[in-house]
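This report refers to the structure that appears directly beneath it.
Values below: all heavy atoms of this structure, side chains included; hydrogens, waters and symmetry mates excluded. When a ligand or atom number is given, it counts from 1 through the structure's own listing order.
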Amino acid sequence: MNPEPTHESANAGAGQRWATSLVCSRTGVVAALDAPAFLSPAGAPWLVEYALDPARGEQLRRALPGRPWTLWRYRELLPLADFERRIDLGEGATPLVRLRRTPCSGCSGAELWVKDEAGNPTGSFKARGLSLAVNRARELGAPGVQLASAGNAALALAAYAAAAGLPARVALPADTPPAIAARCRDHGAEVLSSPGTLVDAARLLSEPAGGGEGFWNLSTLREPYRAEGKKTMGLELAEQLGWELPDWIVYPLGGGTGIVGMHKAFAELRRLGLVGEKRPRFVAVQMAGCAPIVRAFAHGQESAEPWEEPHTRVWGLRVPRALGDFLVLRALRESAGRAVAVDESCLPDVAARAARDEGLRVGPEGAAALAATLGLAAEGAFAAGERVVVFQTGDPANYL
Ligand SMILES: *Cc1c(COP(=O)(O)O)cnc(C)c1O
């Protein structure tokens, strides 16, 4: 845990957080913040609401330079009731790296940056969301926690549950690399496995054997707090770029928590007066063999049809159906964004070039985002002087 200057403790305890309530992302119905919450009565994700104004923005801006670089530096914009007793593995505060040598035909003066999330605990940005979700489950009295995962969410859940002293269970598709299950067991988690995809694995948890003890299900957007953790990527980007948001954010999209979270972060920063009107344009990147959001975006739909036969070995992006599809599509449209499908065959070359030209090790999801970025640049999508931030979301070693 990071040492905290004692004078900060006074304004960081219960009652000082700026979170006020939960709001249904579909209907706007409001619920109390400190009761267990899964889906809203409308079957949609809850989102955490905050009381924000420019005076609070100024207060936060002044407090930040004295705080350690983890995602907890944004404590007022996070929903914990007991900040001092939190479980903290040092999540967040990842590097934002300028690409200098990547050949980029069509970049014409646009700047490419990579937000490299691999250095998070358990090797992916899933740590951000599961840190918040497990912390909240712990302080709201969960008897245990569980989720279905393509791999990285299971690793993060298992690690944070271990640190919180909570029993954990994960459900993985049977073809998930075996090292993932082994690492989950190292943290003491029970591992279930199912043929098929994430959607099939999730069924294990709804059966009595999977849910009998009332373990809380922390699967993507089924509870409000993973999005709050992912939101910190947007807060960090803003701070790292001197409170000027980038023009584009290219994001390898699975369940969509990251886009939902960052979209929320930018709205909150705006209400705090910390950023101007400009909103980054989101680019959602999926694999050609599993691209439900790309298809729905192209057809102008408000939600996505499930993808029938998903084929991709980019595990983080093999999500045929997502609960938050309508929120992702809304964020793409509100930000004048794009949705792009990438061919699997180009990933090894893109990853090799990132290693050779930039000194970066990118995972398959990050390679997909980088490939989409270079494709958009070649089309002339980026104007001179624009800043493009590409998310490199996980450590490639997690899949070995
Ligand atoms: C889960 C995951 C994604 C997809 O993230 P979402 O926010 O759920 O869309 C991308 N990359 C990696 C490495 C992941 O583990």
W307 meets the ring-ring contact (aromatic ring centres under 6.0 Å, His included) criterion, sequence neighbours left out, with none
Under a strict 4.0 Å criterion on non-hydrogen atoms, which protein residues are in contact with ligand 1? F125, K126, N152, K230, Y251, P252, L253, G254, G255, G256, T257, G258, G316, L317, E365, T393, G394, Y399
Tell me whether the NZ or CZ atom of R86 lies within the 45° cone about the ring axis of W72 and under 6.0 Å from its centre. yes
Given R85, R17, E139, the one that forms side-chain contact (heavy atoms from CB on, under 4.5 Å) with L80: E139
Measure from NZ or CZ of R67 to the centre of the six-membered ring of W69, then state whether that distance is under 6.0 Å and the direction lies within 45° of the axis. no
Over-ring placement of R169 relative to F215, 6.0 Å and 45° cut-offs: yes
Do W216 and V191 share a hydrophobic cluster (ILVMFWY, side-chain heavy atoms under 4.5 Å, transitive)? yes
